[in-house]
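Accompanying notes for the structure given below.
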Amino acid sequence: MVIGVSVGVLIEGPRIGWASLPALVAYAIAAVAAVGFVSVESRRSEPLMDLRLYRHPVFSSAVLGAVAVFVALNVTLLLNTLYLQHARGWTPLAAGVATLPMAVGATVCAPLSGRLVGRTGPRLPLVLAGGFITVGGLCLVGLGQYTSVLLLLSAYLLIGVGFGFANAPITNTAVSGLPSTRAGVAGAITSTARQLGSALGIAIAGGLVAGTAPAGLARASRPGWILVATCGLFLLLVAHAARPKKDTSRPTSPRSR
């Protein structure tokens with residue numbers, strides 16, 4: 001209920017008004033539902049979602065990172081589709097072809113990310129993911145009616161590469177700081193966080209351009225590209241949280257005399 005009401009308000013907010021009575025009622029419902037969920041789940045011996053997992057900063061940052069990645073992806077997909085088809089008059093086929101660099105970047109870099117996680121841990125792929133998504137979003141902050149197609153394709157490629165690098169290290173980070181018996185739960189929560197990010201991304205992007213004429217879509221979408229870049233920056237924080245901890249369990253070797 002919390003997620004559904006929150007997404008609903010994001011979608012309908014521009015139409016009904018953020019401070020209107022229906023919006024205020026929705027805020028209250030979401031708050032009460034969140035408090036009730038936490039209260040019930042914290043007292044169960046076998047909760048649907050073990051809230052104690054969020055006491056681990058690494059796990060919490062990974063879950064938020066999963067939300068951020070899919071917010072960035074879905075904001076990009078929706079704003080790109082509306083901009084190319086309505087503001088620039090491209091056909092659906094042409095707009096779809098324009099997103100191919102994003103798909104290629106994700107397809108090529110996803111297996112590379114998995115190999116990097118296996119060799120060096122999650123930090124390097126997360127840094128790469130955050131860096132590419134940030135730069136890709138910043139490329140489109142100044143989006144205009146006649147922005148260069150080459151710049152558009154380059155930005156889509158950068159965001160796709162970042163997305164490809166992001167998934168494997170986020171899952172690895174989420175489960176690495178927990179006992180093996182909780183790995184399945186951690187993976188499931190991370191997967192749910194991705195779906196939440198998708199819903200939020202679509203709702204936010206739609207809210208930004210709702211009721212905007214085709215000529216104003218480029219300008220109206222600029223906050224969305226700032227959000228994409230911000231999500232990339234947040235992944236850099238997740239990378240910092242995922243840094244390997246020093247092993248203090250080994251005995252210190254005696255000094256040579």
Side-chain angles (χ1 to χ4, degrees), residues 1-4 6-7 30-74 109-110 112-134 162-201 227-228 230-251:
M1 179 179 287
V2 178
I3 295 174
S6 301
V7 171
V32 171
V35 172
F37 178 79
V38 172
S39 176
V40 171
E41 292 297 296
S42 62
R43 290 181 294 178
R44 287 184 176 272
S45 57
E46 296 183 2
L48 178 66
M49 180 183 293
D50 190 352
L51 301 178
R52 292 172 297 180
L53 296 178
Y54 291 97
R55 297 175 183 174
H56 300 270
V58 174
F59 173 77
S60 298
S61 64
V63 171
L64 292 176
V67 174
V69 168
F70 277 77
V71 165
L73 175 66
N74 285 274
C109 294
L112 293 177
S113 176
R115 295 191 186 98
L116 279 175
V117 170
R119 292 177 183 175
T120 67
R123 189 179 188 187
L124 177 58
L126 282 172
V127 169
L128 292 172
F132 280 113
I133 292 175
T134 300
F163 179 73
F165 274 116
N167 278 303
I170 282 177
T171 302
N172 179 274
T173 301
V175 303
S176 62
L178 301 175
S180 58
T181 55
R182 312 304 290 164
V185 176
I189 292 176
T190 307
S191 179
T192 302
R194 293 186 175 99
Q195 305 308 313
L196 172 60
S198 298
L200 290 176
L227 175 60
V228 170
T230 303
C231 289
L233 291 174
F234 182 77
L235 286 182
L236 297 179
L237 297 178
V238 179
H240 178 72
R243 69 190 187 280
K245 295 179 175 58
K246 295 180 180 180
D247 186 4
T248 58
S249 61
R250 295 182 180 180

Review point. Backbone N or O of Phe70 within a donor-acceptor pair of the Ser198 side chain at under 3.5 Å?
Key: no

Review point. Rounded to the nearest 0.5 Å, how far apart are CD of Gln195 and CG of Leu200?
Key: 11.5 Å

Check your understanding: Which heavy atom of Ala129 sits nearest a heavy atom of Gly162, and at what distance?
Key -> CB-O, 3.2 Å

Point to revise | Within-4.5 Å side-chain heavy-atom neighbours: Val175 and Thr190 | key: no

Practice item. Indicate the ring-plane relationship of Phe165 and Phe132, choosing parallel, tilted or perpendicular according to the 30° and 60° boundaries. Key: parallel

Review point. Can you name the residues that form a side-chain contact (heavy atoms from CB on, under 4.5 Å) with Ala30, not counting sequence neighbours?
Key: Val5, Ser6

**Study point:** CG on Leu126 to OG1 on Thr173, rounded to 0.5 Å
**Key:** 5.0 Å

Check your understanding: When rounded to the nearest 0.5 angstrom, what is the spacing between CG in Leu64 and CG in Leu237?
Key -> 10.5 Å

Check your understanding: Is there a donor-acceptor contact under 3.5 Å from the side chain of Thr192 to the main chain of Ala188?
Key -> yes

Point to revise | Val58 backbone acceptor or donor facing Ser61 side chain under 3.5 Å | key: yes

Check your understanding: Are the side chain of Asn172 and the backbone N or O of Ala168 linked by a donor-acceptor pair below 3.5 Å?
Key -> no

Check your understanding: How about Phe234 and Val238: do any of their side-chain heavy atoms sit closer than 4.5 Å?
Key -> yes

Practice item. Please round to the nearest 0.5 Å and tell me the distance separating atom CG of Asn74 and atom CZ of Arg194. Key: 13.0 Å

Check your understanding: If you look at every heavy atom in Ala239 and Val127, which pair is closest and at what distance?
Key -> CB-CG2, 3.7 Å

Check your understanding: Do Thr171 and Asn167 come close enough that some side-chain heavy atom pair is under 4.5 Å?
Key -> no

**Study point:** Closest heavy-atom pair and its distance - Val69, Ala166
**Key:** CG2-CB, 3.7 Å

Practice item. First locate atom OG1 of Thr134, then atom CG of Leu233, and finally report the distance between them rounded to the nearest 0.5 Å. Key: 4.0 Å

Check your understanding: Quick one: does Ser42's side chain have a donor or acceptor within less than 3.5 Å of a partner on Ser39's backbone?
Key -> yes

Check your understanding: So, for Gly65 and Leu235, which heavy atoms are closest and what is the spacing to 0.1 Å?
Key -> O-CD2, 3.9 Å

Check your understanding: Okay, side chain of Ser113, backbone of Cys109: is any donor-acceptor separation there less than 3.5 Å?
Key -> no

**Study point:** Considering all heavy atoms, the nearest Ala199-Val7 contact
**Key:** CB-CG2, 4.0 Å

